[in-house]
Enquirer: 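Take this structure, written in structure tokens, and hold onto it; I'll ask about it next.
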Amino acid sequence: MVEQSDRAPLLDWEEIPNGAPAPAPPPERGYISRGANCRALGSTAPGTGWSTSPGGPGAFLSAAVSGEADSAAASAETVRVGPCWDAHSPVKGESRLTGWETGGPEKEPATSVPEWEEKDQIVAVFVVTFDTRSGNIVEWCLPQDADLVGVEFKSMASGSHRISSDFIYFRKGSYFGLACFANMPVESALERGARMKSVGILSPSYTLLYRYMHFLENQVRHQLESPGHYTQLEAFYEDKKGVLPIGNGAATSLQPVHWLPSINRCMHPEMKITHPAGCMSQFIKFFGEQMIVLWKFALLRKRILIFSPPPVGVVCYRVYGCCCLANVSLPGIGVSVPEFRPFFYINVADIEVLENEVSYVACTTEKIFEEKKGLYDVYVDNQNVRTHHENLQPLLRINGADRDKYRKLSEQRQMLLYSQEVDRDCSSNEEDLFILFFMEQNNRIFQILSEVSASQDKTLTEEHVRGMGLDPQGDRSFLIDLLEVYGIDVMLVIDNPCCP
């Protein structure tokens with residue numbers, strides 16, 4: 001049974017009721033408070049999300065790509081790593097609590113402002129409700145002219161009437177959204193005994209949305225209990241609003257980010273991120289060896305669709321986990337292949353958009369997608385990974401090299417957990433381990449392919465394939481597809497026996 005949680009842990013800027021004392025100033029750099037456990041999608045993996053804002057993480061990370069892993073790790077030690085801070089934002093000074101966060105007057109900053117931090121660019125805030133006559137509708141939003149067509153379905157997943165609460169990540173054009181849903185029983189014949197609402201936000205990047213999970217959860221409960229009161233949402237938007245680009249959110253061409261991760265120090269246990277049991281830990285335990293199959297499809301930039309009934313929040317983290325499988329830090333690798341786009345939650349309103357996508361990973365609660373095979377290459381139902389493409393069928397079979405990779409990952413994970421429990425070593429976490437494990441695997445594959453491609457005879461032998469950590473026979477089909485997708489000019493001289 002998959003572990004699930006329908007409540008977000010407290011964030012360090014939790015709202016304070018009127019009259020309550022203001023929270024203590026944030027601790028000094030490097031100090032770790034023992035109390036928060038954030039569900040921070042991508043918070044410790046810089047570069048896995050996009051940002052359309054100038055000077056955002058894309059610009060910051062592209063400069064780091066040319067550095068070596070040692071220098072990246074060394075620079076990470078200067079990063080502010082307290083509960084719920086964006087892990088790759090070097091920050092000086094104190095955080096500032098505003099009126100919508102505290103319920104009281106805005107506080108003046110205690111010290112100087114940060115030197116650099118990815119900006120909170122909230123481009124829209126909205127409330128969606130279920131109307132018994134009209135269905136899902138946007139009942140309120142700021143700005144009032146925001147293009148929110150379809151958001152009423154993205155922020156309230158199909159089948160949500162069966163659950164009491166949920167959270168949903170989604171994509172709207174070039175923006176990403178986070179919405180918190182809640183369902184409250186009411187004694188009202190007009191509402192058919194239940195009041196359902198979602199409160200959500202849109203931003204150019206999904207890496208900072210986690211900061212507002214608790215605020216959105218509080219606001220959706222507030223909207224259920226006191227419908228029509230938007231004062232705190234208005235104050236929130238005024239404090240956090242970003243400047244819309246020309247075209248009011250029209251889709252832009254977003255370049256893929258090739259990143260070298262900074263290993264974030266001393267994050268255990270506050271930044272296990274995203275899920276109380278740890279996002280990547282849950283991902284590994286849920287898929288088991290099938291995760292290696294997903295890794296191959298992700299590296300091939302296939303269209304991956306994950307089906308699950310509500311709640312959908314934990315499934316959005318499986319989308320994120322799939323995205324983390326395909327990272328490559330070698331310069332020049334992957335620049336000519338399609339972006340592996342995270343769409344997070346999708347529904348039937350997204351069909352037209354998906355028809356034009358050549359590579360993505362998404363999740364849905366709508367079973368009808370299973371019949372629309374032209375929209376996806378790989379369909380994941382629970383732990384069952386399958387494809388309707390005959391040429392991809394061989395990739396579904398687990399071979400010896402796959403089991404060896406999964407065994408090595410499991411062993412490294414157990415060693416990490418042991419060092420954290422026994423030695424109190426907080427120098428790394430499961431997300432770092434997971435991302436770097438697959439990045440190193442991907443780098444090894446493309447490093448060998450690049451060397452062979454640059455050689456005089458361009459011959460890829462069984463010895464080369466084993467050096468990549470692949471099975472010469474079992475991964476032959478995967479290698480052929482990989483060479484074609486990435487346009488690598490080598491000659492594969494591996495025998496293909498008629499009887500495997």
Side-chain angles (χ1 to χ4, degrees), residues 1-8 39 41 126 128-131 135-138 148-172 176-184 192 194-200 206 209 213 216-217 220 274-275 279 282-283 286-287 290 294 303-323 341-355 357 360-386:
M1 198 69 180
V2 181
E3 299 175 9
Q4 295 176 343
S5 172
D6 55 7
R7 289 188 56 80
R39 297 191 301 184
L41 192 62
F126 57 87
V128 168
T129 190
F130 175 75
D131 184 87
N136 295 9
I137 59 172
V138 177
L148 297 179
V149 176
V151 165
E152 66 271 28
F153 301 107
K154 293 175 181 291
S155 59
M156 196 176 289
S158 177
S160 292
H161 61 281
R162 302 188 186 96
I163 59 176
S164 61
S165 61
D166 199 2
F167 63 97
I168 306 169
Y169 284 88
F170 60 90
R171 186 176 167 194
K172 164 67 176 170
F176 292 92
L178 170 63
C180 287
F181 164 84
N183 180 357
M184 183 178 76
R192 299 178 186 173
R195 183 177 298 158
M196 294 178 282
K197 292 181 183 288
S198 280
V199 177
Y206 66 76
L209 291 174
M213 178 81 78
L216 295 175
E217 285 187 325
V220 74
T274 68
H275 192 274
C279 175
Q282 194 269 350
F283 184 85
F286 184 80
F287 284 114
Q290 290 294 314
L294 290 173
R303 299 171 297 171
I304 302 175
L305 182 58
I306 304 172
F307 168 79
S308 177
V312 76
V314 69
V315 192
C316 289
Y317 292 140
R318 293 175 199 155
V319 171
Y320 170 62
C322 286
C323 287
R341 295 174 177 263
F343 269 75
F344 298 105
Y345 176 73
I346 60 169
N347 55 38
V348 291
D350 296 299
I351 288 178
E352 187 175 345
V353 173
L354 294 179
E355 287 175 341
E357 292 294 329
Y360 71 84
V361 56
C363 61
T364 187
T365 60
E366 301 185 15
K367 197 71 172 175
I368 191 173
F369 273 96
E370 186 175 8
E371 303 170 7
K372 300 187 177 297
K373 297 182 178 179
L375 297 178
Y376 62 86
D377 302 310
V378 180
Y379 189 81
V380 184
D381 187 346
N382 211 14
Q383 287 102 332
N384 183 21
V385 182
R386 61 180 186 267

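Remember, predicted model here, so these are calculated numbers, not experimental data. Side chains included, hydrogens not; waters and symmetry mates left out as well; all remaining heavy atoms used.
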Enquirer: Checking ring-ring contact (aromatic ring centres under 6.0 Å, His included) between Phe176 and each of Tyr169, Phe170, Tyr206, Tyr320, which is the one that passes?
Expert: Tyr206

Enquirer: Listed by chain and number, what are the side-chain contact (heavy atoms from CB on, under 4.5 Å) partners of Glu366, not counting sequence neighbours?
Expert: Ser158, Tyr345, Asn347, Val348, Thr364, Ile368, Phe369

Enquirer: Which residues pass the salt bridge (charged side-chain N to carboxylate O under 4.0 Å, His left out) test with Glu370, not counting sequence neighbours?
Expert: Lys367, Arg386

Enquirer: Measuring from Ser155:OG to Phe167:CZ, what's the distance to the nearest 0.5 Å?
Expert: 14.5 Å

Enquirer: Go through the structure and list residues passing ring-ring contact (aromatic ring centres under 6.0 Å, His included) with Phe287, not counting sequence neighbours.
Expert: Phe283

Enquirer: Would you compute the distance between atom CZ of Phe307 and atom OG1 of Thr365 and round it to the nearest 0.5 angstrom?
Expert: 7.0 Å

Enquirer: Where is the tightest heavy-atom contact between Leu375 and Glu355, given as atom of each residue plus distance?
Expert: CD2-CG, 3.5 Å

Enquirer: What closest approach, in Å, do Ile163 and Pro310 show between heavy atoms, and which atom pair accounts for it?
Expert: CD1-CB, 3.9 Å

Enquirer: Going through the checks in order, is the side-chain contact (heavy atoms from CB on, under 4.5 Å) test met by Gln282 and Arg318?
Expert: CA-CA 9 Å; Gln282 194 269 350; Arg318 293 175 199 155; 3.6 Å; yes

Enquirer: How long is the straight-line distance from OG1 of Thr129 back to CZ of Arg195, given to the nearest 0.5 Å?
Expert: 8.0 Å

Enquirer: Who are the salt bridge (charged side-chain N to carboxylate O under 4.0 Å, His left out) partners of Lys372, not counting sequence neighbours?
Expert: none

Enquirer: Please report the interatomic distance CD1(Ile168) to CG(Leu216), rounded to the nearest 0.5 Å.
Expert: 11.5 Å

Enquirer: Among residues at least two apart in sequence or on other chains, which ones pass side-chain contact (heavy atoms from CB on, under 4.5 Å) with Ala362?
Expert: Leu305, Phe343, Ile346, Tyr360

Enquirer: Identify the heavy atoms of Val220 and Cys180 that sit nearest to each other, and give their distance.
Expert: CG2-O, 3.5 Å

Enquirer: Please report the interatomic distance CD(Glu217) to CG(Asp166), rounded to the nearest 0.5 Å.
Expert: 10.0 Å

Enquirer: Test side-chain contact (heavy atoms from CB on, under 4.5 Å) on Asp377 and Arg303 and set out the steps.
Expert: CA-CA 5 Å; Asp377 302 310; Arg303 299 171 297 171; 2.9 Å; yes

Enquirer: To the nearest 0.5 Å, how far apart are SG in Cys363 and CD1 in Ile304?
Expert: 12.5 Å

Enquirer: Which heavy atom of Val319 sits nearest a heavy atom of Pro342, and at what distance?
Expert: CG1-CB, 4.2 Å

Enquirer: How would you list all residue pairs meeting salt bridge (charged side-chain N to carboxylate O under 4.0 Å, His left out) that involve residues 154-164, not counting sequence neighbours?
Expert: Lys154-Asp350

Enquirer: Do the side chains of Lys197 and Val128 get nearer than 4.5 Å, heavy atoms only?
Expert: no

Enquirer: Indicate the atoms forming the closest heavy-atom contact of Gln290 with Gln383, along with that distance.
Expert: CG-O, 3.7 Å

Enquirer: What I'd like to find out is whether the side chain of Ile306 reaches to under 4.5 Å of the side chain of Cys322, using heavy atoms alone.
Expert: yes

Enquirer: Would you say that more than 12 heavy atoms from the other residues, nucleotides or ligands in this model lie under 6.0 Å from the CD of Glu352, or not?
Expert: no

Enquirer: Among Val314, Val315, Asn382, whose side-chain contact (heavy atoms from CB on, under 4.5 Å) with Phe286 holds?
Expert: Asn382

